[in-house]
*Asks:* 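Here it is, the structure in full.
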There are 2 protein chains.
Amino acid sequence: MLSVKLRIPYKKTRGSILMKTPDDLKKAGLKATLPRIKILSLFESSDQRHLSAEDIYKQFVSEDMDVGLATIYRVLTQFEQAGILVRHHFESGKAVYELDHGEHHDHIVCNQCGHVEEFYDEEIEKRQLKVARSRNFKILGHSLQIYADCQEENCSRKIEEN
Amino acid sequence: MLSVKLRIPYKKTRGSILMKTPDDLKKAGLKATLPRIKILSLFESSDQRHLSAEDIYKQFVSEDMDVGLATIYRVLTQFEQAGILVRHHFESGKAVYELDHGEHHDHIVCNQCGHVEEFYDEEIEKRQLKVARSRNFKILGHSLQIYADCQEENCSRKIEEN
DNA sequence: TTTATTGCAAAACCTTTGCATGTAT
DNA sequence: ATACATGCAAAGGTTTTGCAATAAA
């Protein structure tokens, strides 16, 4: 059984979290294959909400599951198109994905350890609309990341570990 | 002689624009070589403020100047480290650079034609500080892009041309 | 002359694709 | 049985690097 562990509490006012299940696969016209179910369950259960193809691949290797990298890339792309995952490009140079719970938010990323937290600021959203309106652009989306040091005692450049 | 053409007016209140010259190269401990001078002058004179390595390479080829792509990449990196250019990663997947005039701003990018405009919103900046403070992060920087349609009459999916 | 810089080709990275094999329905 | 998924290896696109040849100081 899949379970959800969220480190970051969502505001009540912005709706509730829906768990993604193998049923979501069928709804998206995707067969419930082992790689797909495993990937989905990784996102549900991992304490990292944001995973790259490589992260997933390494996790599988460490569990002696062998799923090709190509499959992982293909599944991630399909999940994104199906609205199950959202893709982000942080400065790392590689794409990371997270479950799409339908609630837009932005990210604050620790430059030292890679720790990611989410935030949503109504005022920032509003100002963006204003900027776009004043220049006669029609907003399709946006991407905002704050790069920072998280200053947690266990934040010690873990990123170097590989 | 190099000249500056800015499509986007800067607010008076945020300082004045300084032109980058071959002297800036020396100050950065870089020899004033032809490729470096040409690249600098391209940024000064182009009506596109945001250029990728490829953009520069193509421009040079069209002028029968032959500068290797590797050199362009190396020079862009050096210029970034010297504080002459700033690098951005828009969704295109390739890095683009622009002159660093020391004035932070964010970008609104047209999804159809790739047209880029700059903006600076005090309120957005402030709210980011607040978000970081409330989570005990120390901000190092941020990256904000709004993706939109620019709705200009000459915006006709020019991006497809190549 | 000395040291930095260039060009070329090769390699490194991340990601995508072709194709024969395998699996869910 | 049929259509869809997978794995592998090869190829794509962007960026970096090694090294001998070249140019700036």
Side-chain angles (χ1 to χ4, degrees), chain A residues 21-40 42 50-61 63-82 84-85 87-97 114 159 162, chain B residues 21-40 42 50-61 63-82 84-97 114 159-160 162:
Chain A
T21 68
D23 281 342
D24 289 301
L25 297 180
K26 289 177 194 152
K27 262 186 280 178
L30 299 171
K31 287 181 180 170
T33 63
L34 208 110
R36 298 214 258 239
I37 292 169
K38 281 295 286 177
I39 290 175
L40 200 48
L42 232 191
H50 301 83
L51 301 170
S52 67
E54 192 68 26
D55 291 338
I56 295 170
Y57 184 70
K58 282 183 184 159
Q59 179 60 35
F60 284 175
V61 167
E63 296 178 16
D64 287 306
M65 270 228 22
D66 58 272
V67 174
L69 240 190
T71 299
I72 296 175
Y73 275 106
R74 272 185 293 232
V75 170
L76 290 174
T77 303
Q78 292 159 343
F79 282 8
E80 192 198 3
Q81 285 164 353
I84 295 171
L85 298 175
R87 177 169 53 178
H88 302 288
H89 288 94
F90 300 155
E91 296 235 308
S92 66
K94 21 164 132 187
V96 298
Y97 291 82
I159 247 170
N162 188 1
Chain B
T21 70
D23 282 342
D24 289 301
L25 297 180
K26 288 176 194 149
K27 262 185 283 178
L30 298 171
K31 288 182 179 170
T33 63
L34 210 111
R36 299 215 256 239
I37 293 169
K38 281 295 288 177
I39 288 174
L40 202 46
L42 230 191
H50 301 82
L51 301 171
S52 67
E54 191 68 25
D55 290 339
I56 295 170
Y57 184 70
K58 282 185 184 158
Q59 179 60 33
F60 285 175
V61 167
E63 293 177 20
D64 287 308
M65 272 228 21
D66 59 273
V67 174
L69 238 191
T71 299
I72 297 174
Y73 276 105
R74 271 185 295 233
V75 170
L76 290 174
T77 303
Q78 292 159 343
F79 282 8
E80 191 197 4
Q81 284 162 354
I84 295 172
L85 298 176
V86 211
R87 178 169 50 178
H88 302 287
H89 287 94
F90 300 155
E91 297 236 306
S92 65
K94 18 165 132 190
V96 298
Y97 292 81
I159 248 170
E160 302 301 327
N162 178 14

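A note on names: the letters A, B, ... follow the listed sequences, proteins ahead of strands, and every chain is numbered from 1. None of the values given here were measured: they were computed from a predicted structure.
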*Asks:* Taking DNA chain C as the partner, which of residues 65-74 of chain A come within under 4.0 angstrom of it by heavy atom?
*Replies:*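 Listed by number, they are A/Ala70, A/Tyr73, A/Arg74.
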
*Asks:* As an exercise, state the distance from NE2 of A/His50 to OH of A/Tyr97, rounded to the nearest 0.5 Å.
*Replies:*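 If we round to the nearest 0.5 Å, A/His50:NE2 and A/Tyr97:OH are 13.0 Å apart.
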
*Asks:* To the nearest 0.5 Å, what is the distance between CG on B/Leu42 and CD1 on B/Ile37?
*Replies:*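 Separation between the atoms: 13.0 Å.
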
*Asks:* How long is the span from the CG atom in B/Leu30 to the CG atom in B/Asp24, to the nearest 0.5 Å?
*Replies:* 10.5 Å

*Asks:* Suppose we screen for side chain to side chain contact (heavy atoms under 4.5 Å, CB included). Which residues come up paired with A/Asp23, at least two apart in sequence or across chains?
*Replies:*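 A/Asp23: side chain to side chain contact (heavy atoms under 4.5 Å, CB included) contacts with A/Thr21, A/Lys26.
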
*Asks:* For DNA chain D, which residues in residues 24-34 of chain B have a heavy atom at a distance below 4.0 Å?
*Replies:*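 Hits under 4.0 Å, by residue number: B/Lys31, B/Ala32.
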
*Asks:* Among residues at least two apart in sequence or on other chains, which ones pass side chain to side chain donor-acceptor pair (under 3.5 Å) with A/Ser52?
*Replies:*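 A/Ser52 satisfies side chain to side chain donor-acceptor pair (under 3.5 Å) with A/Asp55 once adjacent residues are dropped.
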
*Asks:* Side chain of B/Arg36, backbone of B/Lys31: donor and acceptor closer than 3.5 Å?
*Replies:* yes

*Asks:* Near DNA chain D, under 4.0 Å by heavy atom, which residues of residues 89-97 of chain B?
*Replies:* B/Lys94, B/Ala95

*Asks:* To the nearest angstrom, how far is B/Asp23 atom CG from D/dA25 atom P?
*Replies:*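 These atoms are roughly 11 Å apart.
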
*Asks:* Quick one: list whatever passes side chain to side chain contact (heavy atoms under 4.5 Å, CB included) with A/Ala70, sequence neighbours left out.
*Replies:* A/Arg74

*Asks:* Which distance, rounded to the nearest 0.5 Å, do you find between the OG1 of B/Thr33 and the CG of B/Leu25?
*Replies:* 7.5 Å

*Asks:* Of all residues at least two apart in sequence or in a different chain, which pass the salt bridge (charged side-chain N to carboxylate O under 4.0 Å, His left out) check with A/Glu80?
*Replies:* A/Arg87

*Asks:* Can you confirm whether A/Ile56 sits close enough to A/Leu76 that some side-chain heavy atom of one is under 4.5 Å from a side-chain heavy atom of the other?
*Replies:*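 Heavy-atom side-chain distance check passes, below 4.5 Å.
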
*Asks:* Rounded to the nearest 0.5 Å, how far does CD of B/Glu54 lie from OH of B/Tyr73?
*Replies:* 6.5 Å

*Asks:* Quick one: list whatever passes side chain to side chain contact (heavy atoms under 4.5 Å, CB included) with B/Val67, sequence neighbours left out.
*Replies:*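 By the side chain to side chain contact (heavy atoms under 4.5 Å, CB included) rule, B/Val67 matches B/Pro35, B/Phe60, B/Met65, B/Thr71, B/Ile72.
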
*Asks:* How far does the helix from C/dT1-D/dA25 to C/dT25-D/dA1 bend, going by the axes of its first and last five pairs, to the nearest 10°?
*Replies:*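 Rounded value for the end-axis angle: 30°.
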
*Asks:* Residues in side chain to side chain donor-acceptor pair (under 3.5 Å) with A/Lys94, at least two apart?
*Replies:* none

*Asks:* With sequence neighbours excluded, what pairs up with B/Glu63 under the side chain to side chain donor-acceptor pair (under 3.5 Å) test?
*Replies:* B/Lys38, B/Gln59

*Asks:* What's the CD-C1' distance between B/Gln78 and D/dA24, to the nearest Å?
*Replies:*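 Taking atom C1' of D/dA24 as the reference, CD of B/Gln78 is at 14 Å.
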
*Asks:* What is the distance from CD of B/Glu80 to C1' of D/dT16, rounded to the nearest Å?
*Replies:*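 Checked: the CD to C1' distance equals 15 Å.
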
*Asks:* For a 4.0 angstrom threshold against heavy atoms of chain A, report the outermost contacting nucleotides of DNA chain C in 5' to 3' order.
*Replies:* C/dC14 to C/dT25

*Asks:* Using a 4.5 Å cut-off on heavy atoms from C-beta on, say whether the side chain of A/Lys58 contacts that of A/Val61.
*Replies:*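 A side-chain contact under 4.5 Å is absent here.
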
